[in-house]
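So you know, we letter chains A, B, ... as the sequences are listed, proteins then strands, and number each from 1. Quick caveat: nothing in here was measured; it's all calculated off a predicted structure.
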Amino acid sequence: MIRFWNRRFKTGTLTENPEIDKELRIIRKEMKNLVKKKFAGSLAIRMVDSGSCNACEAECNALSNPYYDLERLGIYFVASPRHADVMLLSGVTTFNMTPHVLDAYRQIPEPKWVISLGACPVMEAPFEKTFAINAPAGEHLPIAHHIPGCPPEPIDIIRGFLAFLRKI
Amino acid sequence: MRLIARYAKEAENNFEIVTVWDEEIHREQVSKRDPRIKTLTKTHPAAIWFERKMHDDYGIIIEDAFDNRPLVHQERFPGDIYPMRKDFRERTLEPDDYKPYKYEAIGGDGVFEVAVGPIHAGIIEPGHFQFSQAGEDMLHQEVRHFYKYRAIEKMLEGKTLFEAKPVIERISGNESIAYQTAWRDIVLQATDRELPLDNRKYHALLLELERTVHHLTDLGFIPNDAGFGAALAFGSKLSEEARRELKKITGHRFGFGAIDFESHSLDNEAMKAYLDTLNEAIAFFEAWIIDIPSLWDRFDTTGILKLKKAVKYDTVGIVARASGLALDQRNEPFYLEHGFALQTQKSGDVSARFKIRLEEMKNTLEMMQNFTVETCESMNVGTVTDGEYFSFAESSIGELFMSIEIKEGVIERFFVRDPSFVNWQALHLMMPGNIIADFPLINKSCDLSYAGNDL
């Protein structure tokens, strides 16, 4: 373990994107009064996959790696919709997942928002409509914000969260 | 013989049941009016999902199957609809009345069931696991999937091979390059072309880089599920760097659109420098992780799949090799000439599946050194000839099998069997004797795809 800590100290902090930090400082000021009341200083996200290819999920997982370290911005992925402010929805809203997605949405306490992630929920991915696909998700849920991309890169997702926070 | 796949196709007057074995392909014709077949599950238990799917897709009756429950069609799916039949052309479905699904369960005093999913407590794909528990001990587990069912097979019918490509590369994002490689081989067969060596090396490099991203992710995630978070920080840093490398080469972090017949050039020096850094990091990781006894205490003897069962369930990929089954699509002259060495382990537990990834990672690095090319030329693929074509690829999970039938220049039947489709069916064998708290660890050590399985 000692070798690990030696390497750890030598490596230092990897977390990057200073431009986002700067943007965030500005945003933090903007939303101070507004969001502090609604989110108590932190935004809790429940990610729901409604039939993606798993690339959007991989990029959301990447948000926790040392390069992005999303939690430093006060944004957390939570395990239960009951702990969430926001549902982050990926995938084409399959016929089989639709009732479960709606169920998860019902479990989120008010006030709540849905952010759609990637090309699938808005039917901009190459997938064509079939009987097994119920997208666009906007026909089933109120979408407050959309983060485009196939898949959106981690930095696009962070920017998307910031744009959402500015909007509400 | 090893069962690779079993699926149906619709002809004018009958259904053809194609059973792909490692040594032969067996075809059986059944009438459309009363389609019935006999099950293969007595000798090959993993045939059951293929057969249940065949029933849902085409309405083919499996006469003596031990399990007649729907597979793809879930609780609200309208009855008597067989969407893979050519005369089914609906674009939307009205949800039907809720028909409960009867899970496999073990009865008895004090035995209770735990239902997990389809939405799990993390950033993960949807699927359902039903456990029969005696206290903390798992007695049985049933895996239930197809929540992500997008009807990809139907979607691709009527398209040309090139129109289908953007969908094929997005079937399972984690295995995109493997899917594209399987697609490429079908294009080459259908156009009767040979791929120049440099192009083949370039494509193989990308496939190994994709494997690198996922093996590194797993090498971090598996210890994390045993409570050792530092490994995840280390592994996810390395996998992020590998993904950026993939983007540098292909312009996309998952390599969507990367496998084609165009010309490409590589910055060899940058690639070599990257491989050297990664090599050093892996050596450090190995020396460090081997030396954490409390971690191996969780890994060793957890979630064992015995060789005999691995063979019986026709498992493939990491899961099969960790149990001692020498099975890898890369075990052929081209890869062997470029440094491929087949890795196997014996114990079939979480340890073995972790160590296999570590060993394969080192071998992959060696191969990538040999796959670096300066440039590869573009090639003209020519016209596609009608016919039925088969191809294989070894994704980071295991053997991928693809079959495409082309009629009048467009896809008549698209079939693909993700390695996860067979391996999911062997997952429950790893559970008895373990406590439920070890389920996430065992599941992660297999790291199977939901999207590729569900289609």
>> We want to know whether Y147(B) and E125(B) form a side-chain donor-acceptor pair, criterion being a heavy-atom distance below 3.5 angstrom.
In response: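 Result is no, nothing qualifies.
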Go through the atoms of [X] and report whether side chain, backbone, both or neither lie under 4.5 Å from a heavy atom of chain B.
{"X": "S80(A)", "result": "neither"}
{"X": "C120(A)", "result": "neither"}
{"X": "F127(A)", "result": "both"}

> Parallel, tilted or perpendicular: which fits the ring planes of Y149(B) and H73(B), with parallel below 30° and perpendicular above 60°?
Replying inline: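 Judged by the thresholds at 30° and 60°, the geometry between Y149(B) and H73(B) is tilted.
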>> Parallel, tilted or perpendicular, judged at 30° and 60°: which one describes the rings of F228(B) and W288(B)?
In response: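 Answer is tilted, since the angle falls between 30° and 60°.
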Is there side-chain contact between [X] and [Y], with at least one heavy-atom pair below 4.5 Å?
{"X": "F221(B)", "Y": "L232(B)", "result": "yes"}
{"X": "H215(B)", "Y": "S396(B)", "result": "yes"}
{"X": "V213(B)", "Y": "E240(B)", "result": "no"}
{"X": "M47(A)", "Y": "S90(A)", "result": "yes"}
{"X": "P126(A)", "Y": "E169(B)", "result": "no"}
{"X": "I177(B)", "Y": "F254(B)", "result": "no"}

Output the option from [options] having the highest count of non-hydrogen pairs under 4.5 Å with chain A.
{"options": "V167(B), I81(B), T217(B)", "value": "V167(B)"}
{"options": "L93(B), D454(B), I123(B)", "value": "I123(B)"}
{"options": "S449(B), A233(B), S239(B), P118(B)", "value": "P118(B)"}
{"options": "P126(B), S172(B), A287(B)", "value": "P126(B)"}
{"options": "E75(B), E175(B), H252(B)", "value": "H252(B)"}
{"options": "T92(B), V72(B), I119(B)", "value": "I119(B)"}

[X] versus chain A, the contacting section by heavy-atom distance below 4.5 Å:
{"X": "A281(B)", "answer": "both"}
{"X": "K159(B)", "answer": "side chain"}
{"X": "Y450(B)", "answer": "neither"}
{"X": "R89(B)", "answer": "neither"}
{"X": "F285(B)", "answer": "neither"}
{"X": "I152(B)", "answer": "side chain"}

> Taking the six-membered ring for Trp, are W183(B) and F162(B) ring centroids under 6.0 Å apart?
Replying inline: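 Yes, close enough.
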> Would the W113(A) and H145(A) ring centres measure less than 6.0 Å apart?
Replying inline: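 So the answer is no for these two rings.
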> If you check every heavy atom in residues 92-106 of chain A against those of chain B, which residues fall under 4.5 Å?
Replying inline: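 When heavy atoms of chain B are the reference, residues 92-106 of chain A contributes V92(A), T94(A), F95(A), N96(A), M97(A), P99(A), H100(A), A104(A) within the under-4.5 Å range.
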> Which of residues 57-65 of chain A have a heavy atom under 4.5 Å from any heavy atom of chain B?
Replying inline: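 Result: E57(A), A58(A), E59(A), C60(A), N61(A), A62(A), N65(A).
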>> Distance to the ring centre below 6.0 angstrom and angle to the axis at most 45 degrees; does that hold for R91(B) and F131(A)?
In response: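 So R91(B) doesn't make the cation-pi contact.
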> Under the 6.0 Å and 45° cation-pi test, does R244(B) pair with Y67(A)?
Replying inline: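 Geometry flag: set, cation within 6.0 Å and 45°.
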> Where is the tightest heavy-atom contact between L238(B) and Y274(B), given as atom of each residue plus distance?
Replying inline: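 Shortest heavy-atom contact: O-OH, 4.5 Å.
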Thinking salt bridges, do [X] and [Y] make one under a 4.0 Å N-O criterion?
{"X": "K148(B)", "Y": "D49(A)", "answer": "yes"}
{"X": "E128(A)", "Y": "R150(B)", "answer": "no"}
{"X": "K444(B)", "Y": "D447(B)", "answer": "yes"}

> Most heavy-atom pairs under 4.5 angstrom with chain B, which of C56(A), P81(A), C150(A), P154(A)?
Replying inline: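 So the answer, after comparing C56(A), P81(A), C150(A), P154(A), is C150(A).
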>> Out of A132(A), G91(A), C53(A), return the one with the most heavy atom pairs under 4.5 angstrom to chain B.
In response: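 When all of A132(A), G91(A), C53(A) are compared, C53(A) has the most.
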>> Working to the nearest 0.5 angstrom, can you tell me the gap between S50(A) OG and N134(A) CG?
In response: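 Output value for this atom pair is 9.5 Å.
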